[in-house]
**Student:** 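Once you've had a glance at the structure underneath, I'll fire off some questions.
Worth knowing before you read on, the calculation uses all heavy atoms, side chains too, and leaves out hydrogens, waters and symmetry mates. Order of listing sets the numbers, starting from 1, for every ligand and every atom in it.
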Amino acid sequence: MSINHLVRPNILKLVPYSSARSEFKGKAEVFLDANENPFETGLNRYPDPLQWKLKAAISNLKGVPVEQIFLGNGSDEAIDLVVRIFCEPRQDHILILPPTYGMYQVSADIADVGVRSVSLTPDFQPDVPAILAAADEHSKILFICSPNNPTGNSVDLEHIRSLCTQFKGVVVVDEAYIDFSKEASCTTLLAEFPNLIVLQTFSKAWGMAGIRLGMAFASPEIIQLFNKVKPPYNINQLTQQIALEALETSQDDYKKLLSILLTERERLEKALAGLKFVQQVYPTDANFILVKMDDPNGTYQYLVDAGIIVRNRNSVHLCAGSLRITVGRPEENDALLTALEQK
Ligand SMILES: *Cc1c(COP(=O)(O)O)cnc(C)c1O
């Protein structure tokens, strides 16, 4: 099954920019093709436009073939590209499920693409019949965030399957927090659903928000569309090197720190639930906890005055009364709990 009918006609027709580095294939020692400075600085050459070495390492880790991987300048680049590949400005729209991550709406707004919102249910799951009822032939993309930001819960796999089957556009599952979750990644569904795109990132569990590296996993057909539209050298040399090095040498550190964060999350969940002004600690599969309480604005300001910044989600749809608290280092979580116990 092809997804070509969902792609903007100008993107289907597009002849992509062909860089010097992508045109030449084979062995050579003298490179006079890209107007680079020939003197070695370690960074004088353009980076690999398709990041093959890094993709091979990621393929190994994730069990997804290299031709089904796109790497972006953060997963935010993948979100932006997917909107520009599939949505005709002022004609098509995306579907989002609030409360959710803000970038889907921002990317659509920048591209002059419409946004239809279908609220999550009160237990923060997608309302499948309402989503299907809101969709028409101009609904090109459905964004699902799982585990969801800012609520922290995972979306039931059955809902995702059902939406991949019944929604007629592309389904993007944003798994920025999947490393913290006990649920399996939706990458296991890629073989079954040619309209599925799964996003992950090095910004959260991998501790590398500063290098800007996001991943999209999808059918080879969709990955080729990403490659056509992306800036030729979207992942710089330093990012490629540092990510590859982390995958080759830091996987044990990654696991150790992840396990500390999961232990800390559990400790915070219990301690927060014991505070007298806390009404509800929502279940979380992410590295943050949504907490509903009396006087959220007062508590937020009280914490700011104590030098502790959390995210106030009190005015967000379905999140009235809530603060979103990121799991920090043990001593940071101690500071938070001490402050809240003294409130
Ligand atoms: C943090 C976050 C991202 C991360 O984006 P990057 O551009 O990879 O840093 C993506 N999606 C969600 C839901 C997030 O919370």
**Student:** To check your reading of the model: name the closest protein heavy atom to atom 7 (O) of ligand 1, its residue, and the distance in Å.
**Tutor:** Arg212 NH2, 2.6 Å
**Student:** Should you measure from each heavy atom of Gly74, which atoms of ligand 1 turn up under 4.0 Å away?
**Tutor:** 6 (P), 7 (O), 8 (O)
**Student:** Please classify the Phe202 to ligand 1 contact at 4.0 Å (heavy-atom distances, strictly less than): side chain, backbone, both or neither.
**Tutor:** neither
**Student:** For the residue pair Asn333 / Glu264, report whether a side-chain donor-acceptor contact shorter than 3.5 Å exists.
**Tutor:** yes
**Student:** Would you check if the distance from the ring center of Phe180 to the ring center of Phe288 is below 6.0 Å?
**Tutor:** no
**Student:** For Arg324 versus Arg313, what's the shortest heavy-atom pair and its separation?
**Tutor:** CB-CG, 3.9 Å
**Student:** Test of understanding: given a 4.0 Å heavy-atom threshold, classify the contact between Lys204 and ligand 1 as side chain, backbone, both, or neither.
**Tutor:** side chain
**Student:** List the closest protein heavy-atom neighbour of atom 15 (O) of ligand 1: residue, atom name, distance to the nearest 0.1 Å.
**Tutor:** Tyr177 OH, 2.6 Å
**Student:** Show the atom names and distances, to 0.1 Å, of all donor-acceptor pairs under 3.5 Å that link a side chain in residues 66-76 to residues at least two apart or in another chain.
**Tutor:**
from	atom 1	to	atom 2	distance (Å)
Gln68	NE2	Ala218	O	3.0
Asp76	OD1	Tyr101	OH	2.9
Asp76	OD2	Tyr101	OH	3.4

**Student:** Side chain or backbone of Asn149 under 4.0 Å from ligand 1, or both, or neither, by non-hydrogen atoms?
**Tutor:** side chain
**Student:** Residue-level breakdown please: for Ser75 versus ligand 1, do any non-hydrogen atoms fall below 4.0 Å on the side chain, on the backbone, on both, or on neither?
**Tutor:** both
**Student:** Does Cys145 have a heavy atom less than 4.0 Å from any atom of ligand 1?
**Tutor:** yes
**Student:** How far is atom 9 (O) of ligand 1 from the closest protein heavy atom, and which atom is that?
**Tutor:** Ser203 OG, 2.6 Å
**Student:** For ligand 1, indicate whether the residue Glu77 contacts it via side chain, backbone, both or neither (heavy-atom separation under 4.0 Å).
**Tutor:** neither
**Student:** Find the distance between CD1 (Ile144) and SG (Cys186) and round it off to the nearest 0.5 Å.
**Tutor:** 8.0 Å
**Student:** N/O of Asp174 under 3.5 Å from N/O of ligand 1, yes or no?
**Tutor:** yes
**Student:** Under a 4.0 Å N-O cut-off, is there an ion pair linking Asp285 with Lys182?
**Tutor:** yes
**Student:** Identify, by atom number and element, the atoms of ligand 1 in contact range of Ala176, meaning under 4.0 Å from any of its heavy atoms.
**Tutor:** 2 (C), 3 (C), 10 (C), 11 (N), 12 (C), 14 (C)
**Student:** So among Val327, Thr263, Thr284, which one has a side chain to side chain contact (heavy atoms under 4.5 Å, CB included) with Leu268?
**Tutor:** Val327
**Student:** Go through the side-chain N and O atoms of Gln240 and Asn236 and say whether any donor and acceptor fall under 3.5 Å apart.
**Tutor:** no
